[in-house]
Amino acid sequence: MVLIQINGKMVKAHEGEMVLSVLRREGIEVPALCDHQALEPGGSCRLCMVEITKADWDGWTKNVTSCLYPVEEGLIVSTHSEGVLEIRRNILDMLLARCPNSDVIQKLAEEHGVMKTSFDTLPDSDNCIMCYACTRVCEVLGKSAISAVMRGHKKVIASPFGDAPPDCIGCLSCAHICPTNVILWKDENGKRTIWNKSFDLITCKKCGKETISREFADYLLEQRDIPADYFETCDDCKRMELAFKMGGLVDGAEEVAI
Amino acid sequence: MKFRYKVIPSLCIGCRTCELACAFTHAKDKKPGRSRIYPIAYKKDKYVPVVCLQCDDAACVKSCLFDALKRNEETGAIELNIDRCVKCEACVAACPFGCALVDDVHDEVIKCDICEGTPACVQFCPTKALVYEKI
């Protein structure tokens, strides 16, 4: 156990824990776009910046991203000092120039008092903030189907050579984790399209409801010890099945036909 | 496991009070969402409350590639850590009883967590068809 001070309040933290997770547990609101508990901290959106100091630093302070800074004994953190708020406003100013059409960025900037960006806005912006949440989630999944390509201002998140990524399984984790909802997908007529790749969706054998993609189910079967027939019916039909089976047991019959 | 959640279908009258209790207990932003418990009629006037069975060797836990589902040893419930969930819906597809659900209202995956030890459905069930007891 480590004792740290956050905004004047003494707080207990676990050894090796990052400052942001302590802030989240204590209910202190700090904006963070690239942070997700399923991922390793990335420190790419820079919005979770806090000011830290220690008693023996003679009044010197340091600005760090709280998601990447491990707690230390005697750390003094301030999350809403004037300096930190100024940094956050500057970051949001730049993000607003990069993603002028993103609802999420607009709302966050407005909350921090940045109504209009002071820079030139990026023409034909795709709203991507380059936080790498999508590539990191794909890595955790064990696929790494997408990554950042090109360098500098031309850098984009894309599949290899812009083609349909051979390793993509159509699980939509990247699309759901994206903080600015950039990654688009479409489910249509039993087909799912994402990253220019088309997937067959599993259709329930009883009612025809579409569930996950066939490739994702195959990957789960390969990774984990789950019977294959669990994926063939939708959740609604499986609930009905359970009710009829349990009803049959209540009535004394072996099983009731559905 | 110190507690057990029990369903007695012969006592269920299908009043759906448990559904309401569930939806309102887990409401977010004052908006009730989808219920985690469903009384389903398997024949006329005969109901079975279908709810997560908290399996020992659970398919939902095995299917989660992000370790978002974990058993709470105190209550015996498999709890979904919503902060680790990426909504890939693997658990929804894998559960053999269809008890991991997608809540359309709040746009998230939901699953019965026995309300951290005080299940609202049990408290509201008028015929005691739902029981949460100490083993």
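Just so we're clear, the structure is a prediction, and the values are computed from it rather than from any experiment. Just so it is clear: chains get the letters A, B, ... in the order the sequence lines come, proteins before strands, and each one is counted from 1.
Between chain B and the options A:Ile202, A:Ile226, A:Leu172, heavy-atom pairs under 4.5 Å are most frequent for A:Ile226. Per-residue heavy-atom pair counts under 4.5 Å with chain A were compared for B:Asp107, B:Val102, B:Leu101, and the maximum is reached by B:Leu101. Note on A:Arg224, A:Arg239, A:Arg24, A:His36: by heavy-atom pairs under 4.5 Å with chain B, the leading option is A:Arg239. Across B:Ala68, B:Ala90, B:Pro49, the residue that shares the most heavy-atom pairs under 4.5 angstrom with chain A is B:Ala90. Highest contact tally toward chain B, considering only A:Asp225, A:Thr233, A:Asp236, A:Leu39, is held by A:Asp225 [criterion: heavy-atom pairs under 4.5 Å].
Looking only at distances, a side-chain donor or acceptor of B:Thr127 sits under 3.5 Å from a matching main-chain atom of B:Leu11. Side chain of B:Ser63 to backbone of B:Cys60: a donor-acceptor contact under 3.5 angstrom is found. Here the side chain of A:Lys238 pairs a donor or acceptor atom with the backbone of A:Tyr230 at under 3.5 angstrom. A:Asp126 contributes a side-chain N or O that, together with a main-chain N or O of A:Cys128, makes up a donor-acceptor pair within less than 3.5 Å. Between the A:Lys197 side chain and the A:Cys168 main chain, a donor and an acceptor come within less than 3.5 Å of each other. Although no hydrogens or angles enter the test, the distance criterion places no donor-acceptor pair under 3.5 Å between the side chain of B:Arg4 and the main chain of B:Glu133. A donor-acceptor pair is defined here as one N or O able to donate and one able to accept, closer than 3.5 Å; such a pair exists between the side chain of A:Glu17 and the backbone of A:His14.
Two residues are said to be in side-chain contact when any heavy atoms from C-beta on lie closer than 4.5 Å; A:Leu23 and A:Thr79 meet this criterion. With a 4.5 Å cut-off on side-chain heavy atoms, B:Val50 and B:Cys99 count as touching. Considering only heavy atoms from C-beta on, B:Val122 comes within 4.5 Å of B:Tyr5 through its side chain. For the pair B:Cys18/B:Pro39, a side-chain contact is recorded, criterion being any heavy-atom separation below 4.5 Å from C-beta on.
Using a cut-off of 4.0 Å between Lys/Arg side-chain N and Asp/Glu carboxylate O, B:Lys111 and B:Glu79 are scored as not salt-bridged.
Across all their heavy atoms, B:Gln54 and B:Gly76 have their closest contact at CB-O, 3.8 Å. Residues A:His80 and A:Asn7 share a closest heavy-atom pair of N-OD1, 4.4 Å. The two residues A:Gly16 and A:Val71 come nearest to each other via the heavy atoms N-CG2, 4.4 Å. Taking each heavy atom of B:Tyr42 and A:Ala243 in turn, the nearest pair found is CB-O, 3.9 Å.
Residue contact with chain A, scored on non-hydrogen atoms closer than 4.5 Å, involves the backbone and the side chain of B:Phe97 alike. With a threshold of 4.5 angstrom between heavy atoms, B:Ala100 approaches chain A through N, CA, C or O but not through any side-chain atom. Contact of B:Cys88 with chain A is made through backbone and side chain together, with heavy-atom distances under 4.5 Å. With a 4.5 angstrom heavy-atom cutoff, B:Cys91 does not touch chain A via any of its atoms. Only the side chain of B:Asn81 comes within contact range of chain A, judged by heavy atoms closer than 4.5 Å.
Each of B:Pro119, B:Pro32, B:Cys115, B:Ser35 was checked for a side chain to side chain contact (heavy atoms under 4.5 Å, CB included) with B:Cys22, and the lone residue meeting it is B:Ser35.
Listed by sequence position, A:His176, A:Ile177 are the residues of residues 176-196 of chain A in contact with chain B, using a 4.5 angstrom heavy-atom cutoff. Residues of residues 135-144 of chain A having a heavy atom under 4.5 Å from any heavy atom of chain B, listed by number: A:Val137, A:Val140, A:Leu141. Taking 4.5 Å as the heavy-atom cut-off, the residues of residues 211-223 of chain A that approach chain B are A:Ile212, A:Phe216, A:Tyr219, A:Leu220, ordered by number.
B:Tyr132 pairs by the ring-ring contact (aromatic ring centres under 6.0 Å, His included) definition with B:Phe3, not counting sequence neighbours.
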